[in-house]
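Computed from a prediction, not measured in an experiment: that's the story for all the values here. Position 1 is the first residue of the sequence, and the numbers go up from there.
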Amino acid sequence: MVRTLGVAVVGFGWMGRVHTQAYARVRHHYPQLALRPELVTVAEDVPGRAEEAAAQFGFAATTGDWREVAADPRVQAVSITAPNFLHREIGVAMAEAGKHIWIEKPVGLTVADAGAVADAVAKAGVQGAVGFNYRNAPAVEAARELIASGGLGAVTHVRVRLFSDYAAHPEGALTWRYERERGGSGVLGDLASHGADLARYLLGDIASLTADTAVFVPERARPLGVTAGHSRATGGESGPVENEDYVSCLLRFASGARGVLEACRVSVGEQNNYGFEVHGTKGAVFWDFRRMNELGVSRGTTYQDQPVSTVYVGPGDGEFGAFQPGAANAMGYDDLKVIEAYRFLRSIAEDTPYGATLTDAVHSAAVLDAMARSTESGAWVNVTSS
């Protein structure tokens, strides 16, 4: 028997739209799902945006105050896609109100924020999912299985990269993303959080690290009106960029493996160049988000001059079969969020966590915290999540 679950979306920028579309699509791809999400409320304080969302997607109600969502008995689950500085307050309040939460990363501005939301979720006995979408790619899940099975031998080192140009234009508006008080970290929270999660998902816990950061676009113009996404602004008063554009980091894993994590939001010529290369004593595996459904795999006992094969993921890999019938049929970014929605809803239906959880968010936040401490001290620091 299929049960209706009332859902709300808090914050309707681009990511709020992606969550909403995922709710709309999830039962198309997972007809066996025991829950049917029903769009109850969208909360957004930008004038007119919630009403536009309701008209397009069919939310039953709108509000400018997310607190009304917490008090609404029709809502059992909430997507939290508001700006970073609101994640802790909203996440804790929703959990305390008995709502299951699907929250975007980073979960707050600090490891303490992520921990507070995780504690609230655990105490309330609700489910909590986190938007680490890249781990949902079937190719990434196939790579993890290959590594875990010993297919590469003992893992020796990994490189994780996340390069983008979304903030490269000097006319990019000085929005909350560039402020410490509202955005927290810069590329650490936005991109390196994904990198930290991918590294741990593939290779296990990160024990220690040393990091360096830089700001390459030190000033931007303040927007003269409402902004969305990565808008440009001219004519406004200039202000300082308070958080980092770039981070490079050396990693030591608990397993003894070594790693490099590098992320940048102002990389001219790079459009979502995200991926990893994992090397072991007998082989290697390579993944590029821009070729999301492929893996480069080198296996065998040749060692020197060992070839790399291109492997296309198929229905036996991760959740690929819910979207395409055969290998080399492409999946896209939004499909990863449909997988995330499915795992969130399945967690609620079965009262068992599936996919990335608040525990994963705390671990990622601990890595970011260690990066920040290392940047300040110039030393190697241990990663601690408590």
Side-chain angles (χ1 to χ4, degrees), residues 11-16 44-47 49 81-89 104-113 131 160-196 209-250 260-274 364-365 367-379:
F12 207 81
W14 170 63
M15 190 51 66
E44 172 59 69
D45 60 5
V46 174
R49 188 178 288 175
T81 55
N84 298 349
F85 69 98
L86 294 171
H87 284 190
R88 175 175 180 164
E89 183 182 7
E104 277 303 316
K105 40 56 59 187
V107 181
L109 306 184
T110 65
V111 66
D113 287 350
V160 181
R161 70 187 184 281
L162 298 109
F163 298 143
S164 186
D165 63 354
Y166 66 79
H169 202 291
E171 293 180 0
L174 188 68
T175 63
W176 61 266
R177 294 181 182 277
Y178 303 99
E179 300 175 0
R180 284 286 179 190
E181 184 176 351
R182 295 193 295 167
S185 61
V187 78
L188 287 185
D190 195 17
L191 295 181
S193 58
H194 281 298
L209 58 81
T210 184
D212 181 44
T213 63
V215 178
F216 296 133
V217 183
E219 288 191 345
R220 296 180 182 273
R222 300 186 188 280
L224 299 177
V226 174
T227 61
H230 306 289
S231 303
R232 296 182 188 176
T234 57
E237 180 183 355
S238 293
V241 172
E242 298 174 352
N243 50 34
E244 72 291 334
D245 291 324
Y246 170 85
V247 61
S248 60
C249 186
L250 298 178
V260 176
L261 191 160
E262 192 176 14
C264 186
R265 64 188 181 186
V266 296
S267 296
V268 174
E270 299 282 13
Q271 295 86 41
N272 299 330
N273 182 359
Y274 309 151
S364 176
V367 173
L368 303 188
D369 176 74
M371 288 182 188
R373 288 186 285 120
S374 175
T375 299
E376 293 175 358
S377 68

**Student:** Between atom OG of Ser364 and atom CG of Asp369, what is the distance when rounded to the nearest 0.5 Å?
**Tutor:**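 Going from OG on Ser364 over to CG on Asp369, the span is 11.0 Å.
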
**Student:** Can you list everything that forms a salt bridge (charged side-chain N to carboxylate O under 4.0 Å, His left out) with Asp165? Sequence neighbours excluded, please.
**Tutor:**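 Listed in chain order: nothing, the list is empty.
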
**Student:** Which distance, rounded to the nearest 0.5 Å, do you find between the CZ of Arg88 and the CG of Asp113?
**Tutor:**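 Going from CZ on Arg88 over to CG on Asp113, the span is 5.0 Å.
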
**Student:** Could you go step by step and tell me if Val241 and Leu174 meet the side chain to side chain contact (heavy atoms under 4.5 Å, CB included) rule?
**Tutor:** CA-CA 7 Å; Val241 172; Leu174 188 68; 4.3 Å; yes

**Student:** Is the closest side-chain heavy-atom distance between Thr375 and Thr213 below 4.5 Å?
**Tutor:**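 Yes. Closest side-chain heavy atoms under 4.5 Å.
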
**Student:** Kindly indicate whether the side chain of Val160, heavy atoms from C-beta on, has any atom under 4.5 Å from the side chain of Tyr274.
**Tutor:**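 Contact flag for Val160/Tyr274 side chains = no.
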
**Student:** Apply salt bridge (Lys or Arg N to Asp or Glu O under 4.0 Å) to residues Glu244 and Arg180 and explain how you reach the verdict.
**Tutor:** CA-CA 10 Å; Glu244 72 291 334; Arg180 284 286 179 190; 3.6 Å; yes

**Student:** Determine yes or no for a side-chain-to-main-chain donor-acceptor pair under 3.5 angstrom, with Ser374 supplying the side chain and Ala379 the backbone.
**Tutor:**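 Yes; judged by distance alone, with no hydrogens or angles, the pair exists.
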
**Student:** Can you tell me how far NE2 of His87 sits from CD of Glu104, rounded to the nearest 0.5 angstrom?
**Tutor:**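 Spacing of CD (Glu104) from NE2 (His87) equals 7.0 Å.
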
**Student:** I would like to know whether Phe216 and Arg265 meet side chain to side chain contact (heavy atoms under 4.5 Å, CB included); could you show each step before the answer?
**Tutor:** CA-CA 10 Å; Phe216 296 133; Arg265 64 188 181 186; over 6 Å; no

**Student:** Measuring from atom CG of Asp245 to atom SG of Cys264, what distance do you get when rounded to the nearest 0.5 angstrom?
**Tutor:**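 Here the interatomic distance stands at 6.5 Å.
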
**Student:** Looking only at heavy atoms, which two atoms of Tyr178 and Ala173 are closest? And how far apart?
**Tutor:**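 Nearest heavy atoms, Tyr178 then Ala173: CE1-O, 3.2 Å.
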
**Student:** Side chains of Val111 and Leu368: closer than 4.5 Å at any heavy-atom pair?
**Tutor:**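 No, side chains not in contact.
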
**Student:** Do Glu219 and Pro170 have side chains that get closer than 4.5 Å, going by heavy atoms?
**Tutor:**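 They are not in contact (no side-chain heavy atoms under 4.5 Å apart), so the answer is no.
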
**Student:** Can a donor-acceptor pair be found between the side chains of Tyr166 and Asp190 at a distance below 3.5 Å?
**Tutor:**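 Yes, Asp190 and Tyr166 have a side-chain donor paired with an acceptor closer than 3.5 Å.
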
**Student:** So, using ring pair (Phe, Tyr, Trp, His ring centres under 6.0 Å) as the criterion, who are the partners of Phe85 when residues are at least two apart?
**Tutor:**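 So Phe85 forms no ring pair (Phe, Tyr, Trp, His ring centres under 6.0 Å) with any residue.
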
**Student:** Using 0.5 Å steps for rounding, measure from the CG atom of Leu250 to the CG atom of Leu261.
**Tutor:**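 Those atoms lie 10.0 Å apart.
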
**Student:** About how many Å separate OG of Ser238 and CZ of Arg222, when rounded to the nearest 0.5 Å?
**Tutor:**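 It is 8.5 Å, given to the nearest 0.5 Å.
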
**Student:** Any idea which heavy atoms bring Leu209 and Cys249 closest together, and the distance?
**Tutor:**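 For Leu209 and Cys249, the tightest heavy-atom pair comes out as CB-SG, 3.7 Å.
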
**Student:** With a 4.5 Å heavy-atom cut-off, do Leu109 and Asn84 have their side chains touching?
**Tutor:**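 Yes, at least one pair of side-chain atoms sits under 4.5 Å.
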
**Student:** State plainly whether the residues Glu376 and Arg373 are in salt-bridge range, i.e. N to O under 4.0 Å.
**Tutor:**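 Looking at Arg373 together with Glu376, the answer is no, because their closest N to O distance does not fall below 4.0 Å.
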
**Student:** Using side chain to side chain contact (heavy atoms under 4.5 Å, CB included), reason through Leu191 and Ser164 one step at a time and then give a plain yes or no.
**Tutor:** CA-CA 9 Å; Leu191 295 181; Ser164 186; 4.2 Å; yes

**Student:** Is Asn243 close to Glu179 at the side-chain level, that is, under 4.5 Å between some pair of heavy atoms?
**Tutor:**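 In short, these two side chains do not touch, never coming nearer than 4.5 Å.
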
**Student:** Thinking salt bridges, do Arg161 and Glu262 make one under a 4.0 Å N-O criterion?
**Tutor:**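 The answer is no: the pair does not qualify as a salt bridge.
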
**Student:** List the residues meeting salt bridge (charged side-chain N to carboxylate O under 4.0 Å, His left out) with Glu242, not counting sequence neighbours, and say none if there are none.
**Tutor:**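 With neighbours one apart ignored, the set is empty.
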
